[in-house]
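Have a look at the structure below, then the notes.
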Amino acid sequence: QVQLAETGGGLVQAGGSLRLSCVASGRTFGNYSMAWFRQAPGKEREFVAATSGDGVSVNYGDSVRRRFTIDRDNNKNVVYLQMNSLKPEDTAVYYCAAAWGPESYYRASPWGSWGQGTQVTVSS
């Protein structure tokens with residue numbers, strides 16, 4: 001398994017932007033598909049975005065499509081989530097996740113490694 005650590009959360013006004021980062025341990029980062037999920041209080045965990053091992057292929061949840069962008073830097077073992085046009089309903093704890101296999105960038109993939117999460121709060 002890979003160890004994951006998210007940073008970049010915080011408080012932002014509606015319409016603003018934030019960029020989350022997730023650093024992964026290990027030497028085989030490119031062999032993992034990476035994803036972001038989020039969970040708001042009282043709600044189920046929601047798929048946000050995922051990227052293939054080479055960063056070429058991506059998937060997005062319907063609620064963030066065209067506002068959020070996932071990308072990765074395999075030289076630095078980092079995956080990012082750029083969040084633009086933030087809305088109060090984007091408020092949640094955001095988690096980074098990894099699935100073994102460079103083509104496992106799907107919502108239902110076996111996301112076996114998880115970070116501790118970072119809080120994102122969007123005020124109206």
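Start at 1 with the first residue, then count along the sequence.
Looking only at side-chain heavy atoms (C-beta outward), Val122 and Lys87 stay at 4.5 Å or farther from each other. Looking at heavy atoms from C-beta onward, Thr121 lies out of side-chain contact with Val12 at the 4.5 angstrom threshold. In this structure, Leu81 and Arg19 have side chains that are not in contact, with every pair of non-hydrogen atoms separated by 4.5 Å or more.
A donor-acceptor contact shorter than 3.5 Å is absent between the side chain of Asn59 and the backbone of Ala49. Side-chain N or O atoms of Tyr60 include one that pairs as donor or acceptor with a backbone N or O of Ile70 at under 3.5 Å. A distance-only check finds no donor-acceptor pair linking the side chain of Ser21 to the backbone of Thr7 [under 3.5 Å]. In this structure a side-chain-to-backbone donor-acceptor pair under 3.5 Å is missing from Asp73 to Val79. One N or O on the side chain of Ser33 and one on the backbone of Pro102 form a donor-acceptor pair closer than 3.5 Å. Of the possible polar contacts, one joining the Arg67 side chain to the Ser85 backbone as a donor-acceptor pair under 3.5 Å is found. Put simply, the side chain of Glu6 gets close to the backbone of Cys96: a donor and an acceptor are under 3.5 Å apart. The backbone N or O of Gly26 lies less than 3.5 Å from a partner atom in the side chain of Asn77, making a donor-acceptor pair.
Within a 6.0 Å radius of CZ in Arg65, other residues, nucleotides and ligands contribute more than 12 heavy atoms.
Nearest heavy atoms, Lys76 versus Tyr80: CD-OH, 4.5 Å. The two residues Ser25 and Val2 make their nearest non-hydrogen contact at O-CG2, 2.9 Å. Taking both residues in full, the closest heavy atoms of Phe29 and Val78 are given as CE2-N, 3.6 Å, listed atom of the first, atom of the second, then distance. Considering every non-hydrogen atom in both Leu11 and Ser123, the closest pair reads CD1-CB, 4.3 Å. Considering every non-hydrogen atom in both Thr118 and Gly9, the closest pair reads OG1-N, 3.1 Å. Smallest separation of non-hydrogen atoms from Gln119 and Thr91: NE2-CG2, 4.0 Å.
Under the 4.5 Å side-chain contact rule for hydrophobic residues, Tyr105 and Met34 do not share a cluster. Hydrophobic clustering (ILVMFWY, side-chain heavy atoms < 4.5 Å, transitive): Val120 and Tyr95 are in distinct clusters.
A salt bridge does not link Asp54 to Arg72: none of the charged side-chain nitrogens sits closer than 4.0 Å to a carboxylate oxygen.
Taken to the nearest 0.5 Å, the CH2 atom of Trp36 stands 14.5 Å off from the CD atom of Glu46. A distance of 4.5 Å separates SG in Cys22 from CG in Leu4, rounded to the nearest 0.5 Å. A distance of 9.5 Å separates OG of Ser17 from CZ of Phe68, quoted to the nearest 0.5 Å. Atom-to-atom distance recorded for Phe47:CZ and Ser109:OG is 8.0 Å, nearest 0.5 angstrom. A distance of 14.0 Å separates CZ in Arg38 from CD in Glu44, rounded to the nearest 0.5 Å.
Taking the ring axis of Trp114 as reference, the NZ or CZ atom of Arg45 stays within 45° of it and closer than 6.0 Å to the ring centre.
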- Task: Report the C-alpha distance between Trp100 and Tyr32 in whole Å, list the side-chain angles of each, state the deciding distance to 0.1 Å, and finish with yes or no for ring pair (Phe, Tyr, Trp, His ring centres under 6.0 Å).
- Result: CA-CA 5 Å; Trp100 176 254; Tyr32 287 87; 5.0 Å; yes

- Item | Criterion side-chain contact (heavy atoms from CB on, under 4.5 Å) on Leu20 and Met83, from CA distance to verdict | CA-CA 8 Å; Leu20 305 182; Met83 305 185 293; 3.8 Å; yes

